[in-house]
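Count residues from 1 along the sequence.
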Amino acid sequence: REGRVNRVLESRAFDYSMGAIIVVNSITIGTEQTLRLQGGDTSWVEMVEHFFLVVYTLELAMNLYVRGLWAFADNWIRFDLFLVISGVVTQWVLAAFDDDIVEAVGFLMVLRTARLMRLARTVRLLL
């Protein structure tokens, strides 16, 4: 089983797919910020963000499944872990509380754009 998961993680198709997901996620983050500034409805963007967080969580879980604790020797895996934890905290934990609390930690939302660094890494690996 680990071999199959590892082949998926190491495949160009997976890298391309994750790169596309990161690009689309970055676009939705920009769209969400624009809608917020204009006072528009962001509920659909928030729903899509849940999908992205699930995808990133699954990718991290796959890496941990294949590499075990050795995965944390990779700085990109640690970076992914940080992004996933911050996403879980802001989207799933704090979202259960009052909107004022979520707004107070809005700076964590900016960290989502750090996924662009992952896109740059993916592009570099594919070239």
Side-chain angles (χ1 to χ4, degrees):
R1 240 188 264 183
E2 288 176 24
R4 282 189 289 191
V5 174
N6 189 49
R7 281 192 300 277
V8 169
L9 286 172
E10 299 295 327
S11 72
R12 279 191 174 272
F14 185 78
D15 284 339
Y16 282 126
S17 298
M18 289 307 297
I21 286 170
I22 293 167
V23 168
V24 173
N25 187 204
S26 299
I27 291 168
T28 60
I29 290 169
T31 301
E32 179 184 26
Q33 294 308 315
T34 301
L35 289 171
R36 282 185 193 273
L37 290 172
Q38 296 173 348
D41 179 23
T42 61
S43 60
W44 70 270
V45 179
E46 293 166 10
M47 295 300 290
V48 172
E49 280 297 319
H50 291 291
F51 166 77
F52 291 124
L53 184 55
V54 167
V55 169
Y56 298 135
T57 303
L58 288 174
E59 179 196 21
L60 180 63
M62 289 168 65
N63 274 295
L64 292 174
Y65 176 72
V66 168
R67 295 175 181 88
L69 293 178
W70 288 105
F72 295 114
D74 184 331
N75 288 331
W76 287 107
I77 300 294
R78 290 191 300 228
F79 180 67
D80 289 346
L81 177 66
F82 173 75
L83 291 176
V84 166
I85 288 172
S86 66
V88 167
V89 167
T90 58
Q91 290 183 33
W92 295 342
V93 176
L94 293 179
F97 296 98
D98 189 5
D99 285 342
D100 293 334
I101 294 172
V102 176
E103 291 297 321
V105 294
F107 72 92
L108 288 175
M109 300 299 224
V110 174
L111 294 175
R112 295 184 306 180
T113 58
R115 291 186 186 122
L116 287 174
M117 291 171 49
R118 293 185 68 224
L119 176 61
R121 172 185 170 250
T122 301
V123 168
R124 182 182 55 82
L125 290 174
L126 294 175
L127 296 178

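For the pair R67 and E10, the tightest heavy-atom approach, listed with the atom from each and the gap, is NH2-OE2, 2.6 Å. For E59 against L9, the heavy-atom pair with the smallest separation is O-CD2, 4.4 Å.
Not counting sequence neighbours, the partners of T57 by the side chain to side chain contact (heavy atoms under 4.5 Å, CB included) test are L53, V84. Remark: Q38 pairs with T34 by the side chain to side chain contact (heavy atoms under 4.5 Å, CB included) rule, at least two apart or across chains. Under the side chain to side chain contact (heavy atoms under 4.5 Å, CB included) criterion, I27 pairs with V23, T31, sequence neighbours left out. Annotation: side chain to side chain contact (heavy atoms under 4.5 Å, CB included) contacts of Y65 (sequence neighbours excluded): R1, E2, V5. Looking at residues two or more places apart in sequence or on another chain, you find no side-chain hydrogen bond (donor to acceptor under 3.5 Å, both in side chains) involving R7.
Under the 4.5 Å side-chain heavy-atom criterion for grouping Ile, Leu, Val, Met, Phe, Trp and Tyr, L81 is not connected to W70 through any hydrophobic cluster. Linking Ile, Leu, Val, Met, Phe, Trp and Tyr whenever their side-chain heavy atoms come within less than 4.5 Å puts L64 and L69 in one cluster.
Here I22 contributes atom CD1 and I29 contributes atom CD1; the two are 10.5 Å apart, rounded to the nearest 0.5 Å. Rounded to the nearest 0.5 angstrom, M18 CE and Y56 OH are separated by 6.0 Å. If you take CG on N63 and CG on N6, they are separated by 8.5 Å, rounding to the nearest 0.5 Å. Here the straight-line distance linking atom CZ of F14 with atom CE of M62 works out to 4.5 Å at 0.5 Å rounding.
The aromatic rings of F79 and W76 stand perpendicular to each other, their planes meeting at an angle above 60°, with 30° marking the opposite boundary.
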Result block: side-chain N/O donor-acceptor pairs under 3.5 angstrom for residues 41-48, not counting sequence neighbours:
from : atom 1 : to  : atom 2 : distance (Å)
D41  : OD1    : S43 : N      : 3.0
D41  : OD1    : S43 : OG     : 2.9
D41  : OD2    : S43 : OG     : 3.1
T42  : OG1    : E46 : OE2    : 2.9
E46  : OE2    : R36 : NH2    : 3.4

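A 6.0 Å sphere centred on CH2 of W92 holds more than 12 heavy atoms belonging to other residues, nucleotides or ligands.
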